[in-house]
Amino acid sequence: MSETVSCTNRGDIAVVSVDSPPVNAMTREVRAGLKRSFEALRGNKDVKAIVLACAGKTFLSGGDMREFETGVQDPGYHEVLRLIEDSAVPVVAAVHGTVMGGGLETAIACHYRIASEGTRLGLPELTLGIIPGAGGTQRMPRLIGLEPALDMMLSGKPLTAAQAKDAGLADIVTSGDLIDAALAYARDLVARGAGPRRTRDRRVAGGEKVAEVIAARRAQVAKTMRNRNSPNVLLDAVEASVSRNFDDGIAFERGLSIQVERATEGRALRHLFFAEREVSRIPGVRADVKARPVRQVGIVGAGTMGGGISMCFANAGIQVVILDTRQENLDRGLATVRKNYERSVARGSLKAEEREQSLGLITTTLDYAALGTADVIIEAVFENMALKKEIFAKLDAIAKPGAILATNTSTLDIDEIAAVTKRPQDIIGLHFFSPANVMRLLEIVRCTKTASDVVVTALDIAKTIKKLGVVAKVCYGFIGNRMMDPYGREAEHCVLEGATPEEVDSALENWGMAMGILAVYDMAGIDIGHLTRVERAALLPKDPGFYRPSAMLTERGWLGQKAGRGYYRYDGADRKRTPDPEVVAMLHEEGRRLNVVQRKPGREEIQQRCLYAMINEGARLLEEGVALRASDIDVVYTAGYGFPRYRGGPMFHADTVGLRAIYDRILEFQKILDPQYWQPAPLLKQLALAGSSFARHQAEQLR
Ligand code: NAD
């Protein structure tokens with residue numbers, strides 16, 4: 001049996017090697033092994049230098065996420081890293097792969113660093129709502145300087161090996177065998193008589209301006225990371241790298257680190273980390289169900305969505321054939337795709353060869369027969385049931401046996417679409433979000449008859465094209481849009497009650513939503529939602545105020561950004577939204593005409609009404625089994641709807657507020673607002689009265 005941490009002597013150089021698949025996380029076992037090895041090496045006169053390296057695809061990749069729940073077991077990080085840094089002979093970290101968080105903090109506790117080309121090194125803790133807690137906030141500024149260390153920690157973005165060398169983080173970058181190069185470097189250090197070079201003994205470059213620098217960063221964080229606490233805590237810790245001696249700084253960092261770990265923000269971001277891994281576990285689908293191979297994809301409709309979806313597959317190296325009704329539609333669609341790629345090249349996020357490679361994988365056709373060899377065909381034509389049925393009948397006739405036929409519909413009943421084919425087991429919804437090549441969310445809509453291996457293939461596709469695939473059942477709006485419905489309803493009603501669109505949107509934005517919902521409607525086109533409501537008129541509440549503002553704006557052709565006006569005006573050179581007094585007056589007048597009570601709801605009421613209406617609908621989705629788990633809903637909202645990650649998603653947020661408090665508030669709204677909308681979902685009521693939470697409910701369900 002191979003040991004997790006082993007030590008071998010290569011002449012007078014000791015190589016301490018970690019082998020803890022799959023990613024050499026800093027588990028308790030790894031820390032214990034490092035402690036044992038470095039203790040054994042202490043005082044060994046035959047060893048003149050030490051190389052710390054890892055087997056497998058990466059150096060120590062980071063901390064052990066499971067330890068957040070259990071607390072860090074002994075030996076702790078500080079004890080082990082101090083032991084390494086204390087070594088009387090030089091310690092060279094030989095790094096490759098993804099060296100993140102605790103992994104990088106270990107590397108910088110070593111005295112020298114050599115990196116393989118292709119290594120990425122970063123401190124992404126803030127993305128998990130925590131701060132580097134193994135000395136990173138104290139050692140990194142000492143090693144690379146105050147500003148570069150702040151850039152690294154605030155952005156969470158890793159450096160390439162070359163950037164690490166420029167920053168002074170890596171001493172050498174090698175394209176050859178890493179261990180050989182590390183040994184040669186260690187021998188060279190010994191020959192030169194270079195002793196240990198301890199990071200903790202360095203002064204922080206740029207430290208003389210610490211007060212100004214930290215103040216400027218605080219101002220930046222207040223704008224770019226609104227409502228978040230951990231970035232400010234990080235700044236406190238980094239400030240201490242200058243204002244305190246190393247040991248005091250480490251103790252200070254430790255206190256702050258524990259504080260942010262326990263705070264809601266840290267728990268929320270960790271919740272999402274696990275929730276995003278959980279989405280692909282589908283109860284009832286056996287583990288041995290295999291995905292169908294996907295080598296070629298057909299797309300029907302070269303519009304906004306068809307083009308974006310094509311890019312997703314081409315970027316993953318999969319061949320795409322796009323079909324549309326007329327050559328000019330294909331040409332226009334492909335031109336948009338090309339423009340998108342050009343923009344990425346201009347921005348520097350894509351190489352010209354990669355653009356050519358992706359474009360080379362996309363072909364177009366007017367002939368259904370060309371889709372006959374596709375493994376998956378995704379329909380993305382206009383949102384019209386009759387049209388979609390006609391297309392699925394055609395696809396059924398030409399698609400090869402076993403091909404998966406998917407629709408990108410946002411609202412239509414996919415069971416009804418599946419029924420026109422002779423292969424309902426192969427039909428599924430793949431609901432992409434706009435812009436499809438950018439948004440991470442993919443709702444996978446399982447129809448009544450969809451086969452298990454088709455669901456597994458859809459999840460596999462999501463991974464291949466780097467999306468988060470969340471499985472839902474067929475219902476109006478699936479998970480995301482169905483919960484948006486009551487959220488938007490409240491926002492619109494608040495305007496009829498005397499709030500301005502700006503007040504509504506800024507209440508939501510201040511709370512943390514990426515964009516207020518009325519501004520979102522302006523961006524997407526107010527007519528889109530309005531038309532779906534016209535189609536579903538018979539099913540809608542008997543309430544003349546229901547989405548009345550959207551209806552009025554659509555009737556006047558004030559459809560949002562594309563018309564230059566909607567809830568707002570967009571006529572400045574920068575096309576930024578500005579309040580439109582005419583619209584405000586019109587909507588307020590309409591509210592009075594409809595005898596809507598003029599409550600002029602304040603910021604907190606707007607936030608609570610929109611969010612609690614959404615959460616209540618989420619509880620219904622869980623009851624109905626449309627969503628498998630509360631945490632799936634959280635993934636949908638944070639990946640697809642601009643819900644702030646640091647609040648963990650709507651259902652996690654509900655748990656942090658307390659379901660009882662939300663339930664009670666809904667009952668209050670029932671008294672003062674339209675009671676037809678404020679009926680607590682039975683599941684919410686049950687959990688609230690039992691003092692339970694969505695998280696506990698989920699854990700009990702999975703047991
Ligand atoms: P779009 O109007 O931009 O594009 C539709 C394309 O389908 C056009 O190129 C049109 O020529 C083509 N088309 C129409 N009839 C066709 C036929 N019979 N055969 C082949 N091609 C045909 O529409 P879009 O915004 O891309 O939306 C497409 C689908 O995606 C809709 O079902 C919509 O609800 C859904 N959707 C849209 C968004 C969004 O934000 N735009 C988001 C998620 C889902």
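Just so you know, residue 1 is the first one in the sequence shown, and it goes up from there. Computed from a predicted structure; not experimentally measured. For ligands, and for the atoms within them, numbers begin at 1 and follow the listed sequence.
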Could you name the option among Leu387, Asn481, Val300 that has the heavy atom nearest to atom 20 (C) of ligand 1? Val300

Nitrogen or oxygen of Ser410 less than 3.5 angstrom from that of ligand 1: yes

Using 30° and 60° as the class limits, which term best fits the ring planes of Tyr637 and Tyr641: parallel, tilted or perpendicular? parallel

Exercise: do Ser631 and Gln698 side chains pair donor with acceptor under 3.5 Å: yes

Got an N/O contact under 3.5 Å between Thr409 and ligand 1? no

salt_bridge(Lys351, Glu356) N-O dist < 4.0 Å: no

Can you tell which of Tyr521, Tyr567, Tyr547 makes a side-chain hydrogen bond (donor to acceptor under 3.5 Å, both in side chains) with Glu492? Tyr567

Any atom of ligand 1 sitting under 4.0 Å from a heavy atom of Lys388? yes

Select the closest option to atom 35 (C) of ligand 1 among Leu330, Asn408, Val381, Thr325, judged by heavy-atom distance. Asn408

Mind checking whether Ala380 has a heavy atom under 4.0 Å from ligand 1? yes

Tell me, please: is Gly333 in heavy-atom contact with ligand 1, that is, under 4.0 Å? no

Pair Thr448-Asp415, side-chain donor/acceptor within less than 3.5 Å: yes

Below 4.0 angstrom, N of the basic side chain to O of the carboxylate: do Glu605 and Arg609 qualify? yes

Using a heavy-atom cut-off of under 4.0 Å, does the side chain or the backbone of Arg332 touch ligand 1, or both, or neither? side chain

Within the structure, is a non-hydrogen atom of His431 found at a distance of less than 4.0 Å from ligand 1? yes

Please state which protein non-hydrogen atom is closest to atom 40 (O) of ligand 1 and give its distance, to 0.1 Å? Ser434 CB, 3.2 Å

What atoms in ligand 1 come closer than 4.0 Å to a heavy atom of Ala302? 9 (O)

Less than 6.0 Å separating the ring centroids of Trp511 and Phe643? yes

Examine the proximity of ligand 1 to Thr304 and report which part, side chain or backbone, both or neither, has a heavy atom under 4.0 Å away. both

Tell me the protein heavy atom at minimum distance from atom 8 (C) of ligand 1, and give that distance in Å. Asp324 OD2, 3.7 Å

Does the pair Asp543 and Tyr677 meet the rule for a side chain to side chain donor-acceptor pair (under 3.5 Å), with working shown? CA-CA 10 Å; Asp543 166 13; Tyr677 299 128; 2.6 Å; yes

I want to know if ligand 1 touches Gly306 in the polar sense, i.e. an N/O pair below 3.5 angstrom. no

Is it true that the side chains of Tyr341 and Asn437 contain a donor and an acceptor less than 3.5 Å apart? no

Can you check whether Thr409's main-chain N or O pairs, donor with acceptor, with Thr407's side chain at less than 3.5 Å? yes

Check: of Gly301, Ala436, Gly303, min heavy-atom distance to atom 4 (O) of ligand 1 comes from Gly303

Part of Ile391 within contact of ligand 1 (heavy atoms, under 4.0 Å): side chain

Do me a favour and list the nearest non-hydrogen protein atom to atom 33 (C) of ligand 1 with residue, atom name and distance? Glu383 OE1, 3.7 Å

Is the number of heavy atoms from other residues, nucleotides or ligands within 6.0 Å of NZ (Lys562) greater than 12? yes

Straight-line distance of Leu405 CG to Ile378 CD1, nearest 0.5 Å: 10.5 Å

Here the atoms of ligand 1 under 4.0 Å from any heavy atom belonging to Asn329 are 11 (O)

For atom 2 (O) of ligand 1, find the nearest protein heavy atom and state the residue, atom name and distance (0.1 Å precision). Phe382 CE2, 3.3 Å

Establish whether atom 15 (N) of ligand 1 and some protein heavy atom are separated by less than 4.0 angstrom. yes

Give the contacting part of Phe432 toward ligand 1: side chain, backbone, both or neither, where contact means a heavy-atom distance below 4.0 Å. backbone

Met305 versus ligand 1: do any nitrogen or oxygen atoms come within less than 3.5 Å of each other? yes

Indicate, with yes or no, if the rings of Phe433 and His431 have centres closer together than 6.0 Å. yes

